[in-house]
Amino acid sequence: MHPKGQGRRLRRLVALGAATGAVWLAIHPGTVAEMGTALVQALNVSGLLSQAVSAELGVGSEDISLEETVLEALPQTIQEEQPAETASPASEGAEQEALPEAEEAEPEEEPEAGEDPLPVSGLLEAPLEEAVEDEPEEVPESITPADASLLELTNRTDGVEVELSDYLERELTLTVSREGPQILIMHTHATEAYTIADGDEYVASDTARTTDENYNMIRVGEEMKAVFEEMGLSVVHDTTLYDYPSYTGSYARSLEGIKSYLEQYPTISVVLDVHRDALIADDGTVYKLTDTVDGETVAQVMLVVGTDDGGLTHPNWEENLTLATHIQARLLGIDAGFPRPINLRSQRFNQHMTVGSLLVEVGTSGNTLQEALAGARLFARAAGEVYLECMESG
């Protein structure tokens, strides 16, 4: 249960206990102190009193695996080594998007007849609230965007030159609908996973990969989805394993998935392809990227923006870059060490489908799942604020 929901439940239990005590007092004459003692004893039987107090007081990418030894891109203050027990550069970034000279890339194969429909989640109605008056929810403080001086860009294109600060001054063209699903979260490489840690053990399908959606990128997508929905945004989460059993061709398959969802839900304007990176040195050292935010260790996040530099049609890539720049400013507003520089690429990564399409790298294979989930929550909070500002008037 989400902490806010748990807090509401505990407060309701306390209120119910108080009401029960009042009835008890009416039937069994005694002092208010006696009633209070009985209530405290009853609550302490199951530990509810201490829980209630704690709740009230608040205490208690194409795989973007930049395995070409990109140590120069690692912020020195957060570079951490991990033993390279099973690290294999060959298993990361093995696929490159086909780049025909003057034509669109077509899917390698058509979906087989009789395949299950694309899975959809996040559209069920919320359960009815209990008829107990709630205290007003605490509204998180808005994230103040950082200024353009903190923006950084890693340009991996061959012929594109941009001044990133110019894009922060541009007006966003993204329009978020007030009706229907607004966000599609999907994973071209859903089986990507993290370093196994205590409590987060999984059966690997390949190096730092698993088909268990409790530990791969689907779990990270669910974390983002929960934050977006708390902010009032409607999310569809595509949990298809586009990279399994075959890794090759996963971008062609995920493109067909995106097209299907956009046709089914025309109100979707934001498409987030959520991955994790892999940073492996020549000597096999696996790197993790972390930051500390409010005392919590979180995986760094990187936004990847595709272009038409590789030859595929992508006329609106600068609108994607404008969106990424505005979100990046919010991420920097959380902490200057949280986001990695925006990564500009020659490939388009299916981002030509909407002006709200981005590829998000949450940590690396060296991070733990819990670090990745913490980073995913912060990203969703920052991006969600930008999306809400783009919501159509009405």
Side-chain angles (χ1 to χ4, degrees), residues 61 64 66 69-82 139-156 161-170 172 174 194 220 223-224 227-228 231 272 274-279 286-305 320-345 358-390:
S61 0
I64 312 303
L66 307 179
T69 315
V70 291
L71 304 185
E72 72 277 5
L74 303 180
Q76 295 300 312
T77 58
I78 54 176
Q79 181 173 306
E80 300 184 34
E81 294 188 13
Q82 289 210 349
V139 179
E141 185 177 347
S142 179
I143 300 169
T144 301
D147 60 44
S149 66
L150 293 178
L151 294 173
E152 293 184 73
L153 177 77
T154 301
N155 191 337
R156 295 187 176 276
E161 294 184 7
V162 300
E163 185 64 43
L164 198 57
S165 59
D166 293 342
Y167 290 82
L168 191 59
E169 299 176 1
R170 293 192 183 191
L172 289 166
L174 173 67
Y194 297 90
V220 178
E223 201 74 7
M224 291 183 180
V227 174
F228 286 139
M231 299 176 74
L272 296 175
V274 181
H275 298 242
R276 62 105 177 104
D277 205 349
L279 298 178
V286 178
Y287 286 81
K288 64 186 295 183
L289 296 177
T290 63
D291 185 32
T292 302
V293 179
D294 294 332
E296 182 178 26
T297 301
V298 305
Q300 288 185 313
V301 169
M302 179 172 70
L303 302 179
V304 180
V305 179
N320 296 131
L321 180 57
T322 300
L323 175 61
T325 304
H326 282 256
I327 293 177
Q328 183 81 346
R330 299 276 178 146
L331 298 176
L332 288 165
I334 294 174
D335 188 77
F338 174 49
R340 297 166 64 186
I342 293 175
N343 195 284
L344 192 68
R345 301 292 291 263
L358 290 174
L359 192 152
V360 186
E361 297 271 8
V362 182
T364 75
S365 58
N367 286 102
T368 66
L369 175 63
Q370 295 308 313
E371 291 167 347
L373 296 178
R377 288 192 292 269
L378 291 177
F379 164 77
R381 167 92 187 287
E385 290 192 0
V386 175
Y387 299 150
L388 289 172
E389 291 177 357
C390 293

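Model, not experiment: these values are computed from the prediction.
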Visitor: If I take atom CG from residue L174 and atom CG from residue L323, how far apart are they, to the nearest 0.5 angstrom?
Guide: 6.0 Å

Visitor: Show your working on side-chain contact (heavy atoms from CB on, under 4.5 Å) between V386 and L172 and close with a plain yes or no.
Guide: CA-CA 10 Å; V386 175; L172 289 166; 3.8 Å; yes

Visitor: Would you list the pairs meeting ring pair (Phe, Tyr, Trp, His ring centres under 6.0 Å) in which at least one residue belongs to residues 359-378, sequence neighbours left out?
Guide: none

Visitor: Ignoring hydrogens, what is the shortest heavy-atom contact between R330 and S142? Give both atom names and the distance.
Guide: NH1-OG, 4.0 Å

Visitor: Which heavy atom in N320 sits nearest to a heavy atom in L358, and how many Å separate them?
Guide: O-CD2, 3.7 Å

Visitor: Check the pair R381, L378 against side-chain contact (heavy atoms from CB on, under 4.5 Å), reporting the backbone distance first and the verdict last.
Guide: CA-CA 5 Å; R381 167 92 187 287; L378 291 177; 5.7 Å; no

Visitor: Can you tell me if Q370 uses its side chain to pair, donor with acceptor, with the backbone of V298 under 3.5 Å?
Guide: no

Visitor: With rounding to the nearest 0.5 angstrom, report the OG to CG distance, S365 to L279.
Guide: 7.5 Å

Visitor: If you take all heavy atoms of Y194 and T364, which pair is closest and at what distance?
Guide: CD2-O, 3.2 Å

Visitor: Check for a donor-acceptor pair, side chain of E152 on one end and backbone N or O of I342 on the other, with a separation under 3.5 Å.
Guide: no

Visitor: Flag the pair K288 and E371 as a salt bridge only when some basic side-chain nitrogen lies within less than 4.0 angstrom of an acidic carboxylate oxygen.
Guide: yes

Visitor: Would you compute the distance between atom CZ of F379 and atom CG of L331 and round it to the nearest 0.5 angstrom?
Guide: 7.0 Å

Visitor: Show the nearest heavy-atom pair for residues A324 and L303, with the distance to one decimal.
Guide: O-CD1, 3.5 Å

Visitor: Enter the distance from L344:CG to N155:CG here, rounded to the nearest 0.5 Å.
Guide: 5.0 Å

Visitor: Carefully, step by step, assess V360 and H275 under the rule side-chain contact (heavy atoms from CB on, under 4.5 Å).
Guide: CA-CA 6 Å; V360 186; H275 298 242; over 6 Å; no

Visitor: Which atom names give the shortest non-hydrogen contact between L332 and A146, and what distance separates them?
Guide: CB-CB, 3.5 Å

Visitor: Students often mix this up, so state it plainly: with edges at 30° and 60°, are the rings of F228 and Y387 parallel, tilted or perpendicular?
Guide: tilted

Visitor: I need the E385 CD to I327 CD1 distance, nearest 0.5 Å.
Guide: 11.0 Å

Visitor: Any side-chain heavy-atom pair from V162 and L321 closer than 4.5 angstrom?
Guide: yes

Visitor: Evaluate the side-chain proximity of R340 to V301: yes if any heavy-atom separation is below 4.5 Å, no if none is.
Guide: no

Visitor: At what distance, to the nearest 0.5 angstrom, does CD of Q300 lie from CG of D277?
Guide: 10.5 Å

Visitor: Which heavy atom of V220 sits nearest to which heavy atom of L373, and what is that distance?
Guide: CA-CD2, 4.0 Å

Visitor: Under 4.5 Å between any side-chain heavy atoms of R345 and V305, yes or no?
Guide: no

Visitor: Please tell me if the side chains of P341 and T154 come closer than 4.5 Å, counting only heavy atoms from C-beta onward.
Guide: yes

Visitor: Please check if the side chain of H326 supplies one atom and the backbone of R170 the other of a donor-acceptor pair under 3.5 Å.
Guide: yes

Visitor: Taking side chain as C-beta onward, heavy atoms only, is L359 less than 4.5 Å from N343?
Guide: no

